[in-house]
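Data block below; observations after.
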2 protein chains.
Amino acid sequence: MSELESIEASLRKAGFKLTPQRRATVELLLKYQTQHLTAEEIYALLKQNHPNVGLATVYRTLDMLTDVQVVNKIIFEDGMVRFDLKTQDHGHFHHHLICNICGRVQEIHEDLLVDIEKEIKQKYRFEVADHRLTFLGICDRCRQKRIDKN
Amino acid sequence: MSELESIEASLRKAGFKLTPQRRATVELLLKYQTQHLTAEEIYALLKQNHPNVGLATVYRTLDMLTDVQVVNKIIFEDGMVRFDLKTQDHGHFHHHLICNICGRVQEIHEDLLVDIEKEIKQKYRFEVADHRLTFLGICDRCRQKRIDKN
DNA sequence: ATTGTTGCAAAGATTTTGCAATCTA
DNA sequence: TAGATTGCAAAATCTTTGCAACAAT
């Protein structure tokens with residue numbers, strides 16, 4: 001079963017109808033998997049092939065996909081709301097490196113926090129269900145450019 | 001020099017005038033240091049003693065305080081923009097535990113990421129300038145309540 | 001006195017909602 | 001066919017801005 005089919009099955013299972021708009025949105029999210037798109041960006045890309053899709057539908061579809069756990073709704077430090085397909089292999093171990101210079105958002109897929117979560121549980125008696133970890137700084141590309149300039 | 005005086009000195013140094021509205025805002029942030037207030041919350045609290053302060057002024061004051069590094073503008077997973085006084089002792093080692101049940105935001109003041117930042121730098125050649133770490137889960141209080149119920 | 005600052009109201013930006021028309025199952 | 005879904009426009013939120021009056025240095 002392809003990833004698309006598996007997502008479509010999740011929707012049906014949750015009792016949602018599979019409309020062309022929803023299918024197109026899921027396909028688009030699959031295509032741009034590595035990126036973190038905003039609702040407006042998704043809307044603009046969708047318009048290219050589906051000129052009369054409405055922005056409200058995009059918002060509603062993204063909400064629904066968030067509900068059924070197909071996408072992650074991520075709010076970064078800049079306050080931008082971005083949507084991101086949840087994929088099996090990435091699971092919940094998914095952190096971000098945000099470059100202060102070029103603004104690029106890089107994902108890293110490894111769990112860095114296993115030991116720290118244990119520590120949190122012991123010290124604060126806090127049951128960790130999920131976490132968000134973001135590093136802000138200067139990415140490799142921008143660092144290289146800086147060196148080149150001098 | 002009190003914390004208030006030191007903040008007022010920062011403002012003057014940056015060329016800003018010290019108006020009653022600004023002083024009141026800083027005093028309020030000092031008073032509610034442990035909390036993360038939204039602009040609206042700050043506005044409402046301010047109104048109690050300064051009934052004719054404007055919301056726009058609150059936003060402008062908070063922007064200015066962010067510029068001069070007196071407050072942190074933090075955007076959590078819920079998308080709410082919150083403001084938080086930067087204090088010497090807390091520095092940049094300041095993480096959050098957010099309870100999924102009661103919504104309480106708890107700060108923890110220790111640097112958990114020293115080793116991880118080194119790893120990030122080596123693996124991704126990313127120069128870390130700052131970080132944001134948030135744990136989502138169930139706080140001690142809510143966990144206790146759950147146990148009591150059974 | 002000069003320049004920054006304020007409050008207000010209007011404008012922006014983003015997201016949500018009401019509703020009649022339309023589609024999916 | 002029945003109920004969910006859509007597009008549109010209007011509304012709701014949150015934040016910013018223009019401007020004349022005002023206040024801090």
Side-chain angles (χ1 to χ4, degrees), chain A residues 5 7-26 28 36-68 70-83, chain B residues 4-5 7-28 36-68 70-83:
Chain A
E5 285 168 335
I7 292 170
E8 293 183 352
S10 309
L11 294 201
R12 282 214 191 78
K13 201 179 156 193
F16 292 106
K17 290 183 178 172
L18 200 54
T19 64
Q21 293 91 332
R22 287 178 179 169
R23 179 173 284 129
T25 305
V26 171
L28 197 127
H36 299 79
L37 301 171
T38 64
E40 283 286 350
E41 284 166 348
I42 292 167
Y43 174 63
L45 288 166
L46 227 40
K47 275 253 164 184
Q48 295 176 4
N49 296 312
H50 302 258
N52 34 352
V53 72
L55 179 57
T57 301
V58 174
Y59 275 106
R60 285 187 282 227
T61 300
L62 291 169
D63 271 359
M64 180 216 58
L65 291 172
T66 305
D67 281 351
V68 298
V70 166
V71 309
N72 263 327
K73 182 176 177 176
I74 305 178
I75 300 168
F76 286 118
E77 284 64 23
D78 62 1
M80 300 248 75
V81 181
R82 290 162 186 284
F83 297 87
Chain B
L4 178 61
E5 285 167 334
I7 292 170
E8 294 183 351
S10 309
L11 295 202
R12 283 215 188 76
K13 201 179 157 194
F16 291 107
K17 289 183 178 172
L18 200 53
T19 64
Q21 293 91 331
R22 287 176 180 171
R23 179 173 286 129
T25 305
V26 172
E27 281 169 1
L28 197 126
H36 300 79
L37 302 171
T38 64
E40 283 285 351
E41 285 166 348
I42 292 168
Y43 174 62
L45 288 166
L46 226 40
K47 275 253 164 185
Q48 295 177 5
N49 296 312
H50 302 257
N52 33 354
V53 71
L55 179 57
T57 301
V58 173
Y59 275 105
R60 284 187 283 228
T61 301
L62 292 169
D63 271 359
M64 179 215 59
L65 291 172
T66 305
D67 281 352
V68 299
V70 166
V71 308
N72 263 326
K73 182 174 178 176
I74 304 179
I75 300 170
F76 287 120
E77 283 64 23
D78 62 0
M80 300 246 78
V81 180
R82 291 162 187 282
F83 297 88

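Because only heavy atoms are used, hydrogens play no part in the values below, and waters and symmetry mates are left out as well, while side chains stay in. Order of the sequence lines fixes the chain letters, A, B, ..., with proteins taken first and strands second; residue numbering starts at 1 for each chain.
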Polar atom pairs (N or O), protein with nucleotides 2-4 of chain D, under 3.5 Å:
| from | atom 1 | to | atom 2 | distance (Å) |
| --- | --- | --- | --- | --- |
| D:dG3 | N2 | A:K17 | NZ | 3.2 |
| D:dA4 | O4' | A:K17 | NZ | 3.4 |

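- Of the possible polar contacts, one joining the B:E41 side chain to the B:T38 backbone as a donor-acceptor pair under 3.5 Å is found.
- A close approach under 4.0 Å does occur between a side-chain nitrogen or oxygen of A:Q21 and OP1 or OP2 of D:dG7.
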Is there any protein nitrogen or oxygen under 3.5 Å from a nitrogen or oxygen in nucleotides 13-17 of chain D, and what are the pairs?
| from | atom 1 | to | atom 2 | distance (Å) |
| --- | --- | --- | --- | --- |
| D:dT15 | OP2 | B:Y59 | OH | 2.2 |
| D:dT15 | O5' | B:Y59 | OH | 3.2 |

Test B:V81 against B:K73 for side-chain contact (heavy atoms from CB on, under 4.5 Å), laying out the working first.
CA-CA 7 Å; B:V81 180; B:K73 182 174 178 176; 3.6 Å; yes
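- The separation between A:K47 atom NZ and D:dT6 atom C1' is 13 Å, rounded to whole Å.
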Where do B:R23 and B:E8 land on the side-chain contact (heavy atoms from CB on, under 4.5 Å) test, with the steps shown first?
CA-CA 8 Å; B:R23 179 173 286 129; B:E8 294 183 351; 2.9 Å; yes
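- Between the CD1 atom of B:I7 and the CD atom of B:E27 there is a distance of 10.0 Å, given to the nearest 0.5 Å.
- Between the two ends of the helix from C:dA1-D:dT25 to C:dA25-D:dT1, each summarised by a five-pair axis, the helix axis turns through 40° (rounded to 10 degrees).
- As a whole-Å value, the separation of B:E8 CD from D:dA24 C1' is 13 Å.
- Between A:T19 and C:dT24 there is no side-chain polar atom (N or O) within less than 4.0 angstrom of OP1 or OP2.
- For the pairing with B:V70, the side chain to side chain contact (heavy atoms under 4.5 Å, CB included) check across B:V68, B:T66, B:D67 returns one residue only, B:V68.
- Going from atom CZ of B:R12 over to atom C1' of D:dT25 covers 10 Å, rounded to whole Å.
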After noting the C-alpha distance and the side-chain angles of A:F83 and A:I42, does the key distance pass the side-chain contact (heavy atoms from CB on, under 4.5 Å) rule?
CA-CA 9 Å; A:F83 297 87; A:I42 292 167; 4.2 Å; yes
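- For the pair B:R82 and B:L37, the minimum side-chain heavy-atom distance is 4.5 Å or more.
- C:dC23 atom P lies 16 Å from atom CZ of A:R23, rounded to whole Å.
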Start with the C-alpha gap between A:E40 and A:L55, add the side-chain angles, then the distance that decides, and say whether side-chain contact (heavy atoms from CB on, under 4.5 Å) holds.
CA-CA 8 Å; A:E40 283 286 350; A:L55 179 57; 3.6 Å; yes
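- Once rounded to the nearest 0.5 Å, the distance linking OG1 of B:T25 with OH of B:Y43 reads 12.0 Å.
- Residues A:M64 and A:L11 have side chains in contact (heavy-atom distance under 4.5 Å, counting atoms from C-beta outward).
- Distance check, rounded to the nearest 0.5 Å: OH of A:Y59 to OG1 of A:T57 gives 12.5 Å.
- Regarding A:I42, its CD1 atom lies at a distance of 14 Å from the C1' atom of C:dT15, rounded to whole Å.
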